[in-house]
Amino acid sequence: MKSYPYPLLKPPSFAWDRSASPAEPKVNEWIETLEVAHANQTDWSTVDVTILGIPLSRSSISASAASENPDAMRRAWKYFTTYNLDHDVDLSEMRVVDLGDVRQHVTDIARCHQNIREAMQAICTHHPQVLPVMMGGDHSITAMLIKGYKDAHPHERVGILQLDTHFDLRDLADNGPSNGTPVRNLIESGTVKGEDVHNIGLHGFFNARSLKTYADEVGVCYTTLREARKQGVAQTVKEALESLSQRVDTIYLTVDMDVLDSSYGPGVPASTPGGMSSDELFEAVHVAGLCNKVKAMDMVCLDPFKDRGEATVKTAVHVMLSFLTGYKQRLK
């Protein structure tokens, strides 16, 4: 088990029965769960996407059970078909494999973060042609995932498209590697350049002035939600991707579910009024999926224990599928 399918990963605690193989599958009947007995026999050349759960939320500033989200999302797959009516795209034509979860230490957050970094490096090293999609977990995981990607691709310049209500640029001296500091962590460690980060979704009264000052000092690009709505969220995302693509080799998409308005994301620990609607977020990630330089994505900061009727968990699954719709269209 220690080497499944390479170190630092373990099978998911929950997996669906896929023995029926219907002609028109639900998502839970489509996504494969990697079998322990055959983990080392998988033909990765036929795999398009891997799913990875990262059940860590002890590094959250506010109390959160985001660690429970990966399995919550897996259980919600049953509500969705693989066919996207809006774009006339059937995702079942792609092969998607659930790798399970990154192993976590009970109390040692630094160990958890190192495991995440090494797991991402292993994924990118063992099958670099596969698109990794991560289910968090809190936003601290993004810094470790991007560092792991860079470990595997040291000569690539990596940019970030961040859909978020917050800058996530809090001072590491005060907050450590928490869910409030991942972007600053990446900038100050030299993993990414400030100018290669573009945040879309900032709004209202949820970021201190000092964070904007720091963002301006290091050259972080950002578009407030108010400004994005003037030209359309999807168009704003498209222009941000085009700008990033001129400078970087790879774009990493990170979706903090707190970008949603409180009414659309009741299961978000740091939910706020005035955020995106779910349809705006679906359009945004679909556009990102279409971009050839977007080579990894994550969804973070969703607490299923605070959710209502699985509304936010279902929204997160829809986000994942909307992104994969764009990716599927990109492959044609």
If hydrophobic clusters are built from ILVMFWY residues whose side chains come within less than 4.5 Å, do Ile123 and Leu324 share one?
no
Distance (rounded to the nearest 0.5 Å) between Ile160 CD1 and Thr250 OG1
12.0 Å
For a side-chain contact (heavy atoms from CB on, under 4.5 Å) check, start with the C-alpha distance between Lys314 and Val317, then their side-chain angles and the critical distance, and finish with the verdict.
CA-CA 5 Å; Lys314 290 178 182 178; Val317 175; 5.7 Å; no
What distance separates Lys150 NZ from Arg157 CZ, expressed to the nearest 0.5 Å?
9.5 Å
In Å and rounded to the nearest 0.5 Å, what is the OG1 to NE2 distance from Thr272 to His166?
6.5 Å
Taking Gly274's backbone N and O only, do any of them form a donor-acceptor pair with Asp261's side chain (distance below 3.5 Å, no angle check)?
yes
With respect to Asp256, which candidate in Asn199, Thr165, Leu163, Asp168 satisfies the side-chain contact (heavy atoms from CB on, under 4.5 Å) definition?
Asp168
Checking the side chain of Arg58 only, and the main-chain atoms of Val106 only, is there a donor and an acceptor separated by less than 3.5 Å?
yes
Between His87 and His286, is the gap from one ring center to the other below 6.0 Å?
yes
Would you say Trp30's side chain and Thr81's backbone share a donor-acceptor pair under 3.5 angstrom?
no
Taking CZ in Arg111 as the centre, count heavy atoms belonging to other residues, nucleotides or ligands within less than 6.0 Å. Is the count above 12?
no
Only one of Ile51, Val300, Leu145 clears side-chain contact (heavy atoms from CB on, under 4.5 Å) with Met134; which?
Leu145
What residue among Asn179, Asn69, Val255, Ile141 forms side-chain contact (heavy atoms from CB on, under 4.5 Å) with Cys301?
Asn179
Given Val89 and Gln329, is the side-chain contact (heavy atoms from CB on, under 4.5 Å) satisfied, shown in steps?
CA-CA 8 Å; Val89 169; Gln329 292 172 309; 3.7 Å; yes
Can you tell me if CZ on Arg226 sees more than 12 non-hydrogen neighbours from other groups inside 6.0 Å?
no
Heavy-atom donor-acceptor pair, Lys293 side chain to Val248 backbone, under 3.5 Å
yes
Pair Ser64-Asp138, side-chain donor/acceptor within less than 3.5 Å
no
Return the orientation label for the Phe206 and His203 ring planes: parallel under 30°, perpendicular over 60°, tilted otherwise.
perpendicular
Any chance the side chains of Arg308 and Thr312 put a donor and an acceptor closer than 3.5 Å?
no
To the nearest 0.5 Å, how far apart are CD in Glu68 and CZ in Arg75?
10.5 Å
Evaluate the criterion side-chain contact (heavy atoms from CB on, under 4.5 Å) for residue pair Thr181 and Asp171; output intermediate values, then yes/no.
CA-CA 7 Å; Thr181 63; Asp171 194 336; over 6 Å; no
Would Gln231 and Glu239 count as a side-chain contact (heavy atoms from CB on, under 4.5 Å) here? Give the steps.
CA-CA 11 Å; Gln231 63 176 334; Glu239 292 179 4; 3.3 Å; yes
Determine whether the side chains of Tyr264 and Thr315 contain a donor N or O and an acceptor N or O closer than 3.5 Å.
no
Ring-plane angle category for Trp16 and Phe14, please: parallel below 30°, perpendicular beyond 60°, tilted otherwise.
perpendicular
CG-SG distance between Asp151 and Cys124, expressed to the nearest 0.5 angstrom:
9.5 Å
Pairing of Glu188 and Arg184 as salt bridge, 4.0 angstrom limit
yes
Check whether the side chains of Glu242 and Gln246 place a donor and an acceptor atom closer than 3.5 Å, and report yes or no.
no
Is it the case that the side chain of Glu310 and the backbone of Ala72 share a donor-acceptor pair, with hydrogens and angles ignored and the cut-off at 3.5 Å?
no
How are the rings of Phe282 and His318 set relative to one another: parallel (under 30°), tilted (30 to 60°) or perpendicular (over 60°)?
parallel
Short side-chain to backbone donor-acceptor contact, Glu227 and Thr224, under 3.5 Å
no
Could you measure the distance from the CG atom of Leu281 to the OG atom of Ser322? Nearest 0.5 Å is fine.
8.0 Å
Is there a path of hydrophobic side-chain contacts, each under 4.5 Å between heavy atoms of I, L, V, M, F, W or Y residues, that connects Phe167 with Leu253?
no
State whether the side chain of Arg74 and the backbone N or O of Ala15 hold a donor-acceptor pair below 3.5 Å, judged by distance alone.
no
Treating Asn115 as the side-chain partner and Arg103 as the backbone partner, does any N or O pair qualify as donor plus acceptor under 3.5 Å?
yes
For Glu24, I'd like to know if atom CD has over 12 heavy atoms of other residues, nucleotides or ligands within 6.0 Å.
no
With a 4.5 Å cut-off on side-chain heavy-atom distances among I, L, V, M, F, W and Y, is there a chain of contacts connecting Met297 to Leu302?
yes
Salt bridge check: are Arg95 and Asp43 linked by an N-O gap of less than 4.0 Å?
no
Salt bridge check: are Lys212 and Asp216 linked by an N-O gap of less than 4.0 Å?
yes
Heavy-atom donor-acceptor pair, Asp48 side chain to Val96 backbone, under 3.5 Å:
no
According to a hydrophobic-cluster definition based on side-chain heavy atoms being under 4.5 Å apart (Ile, Leu, Val, Met, Phe, Trp, Tyr only), do Leu290 and Met94 belong together?
no
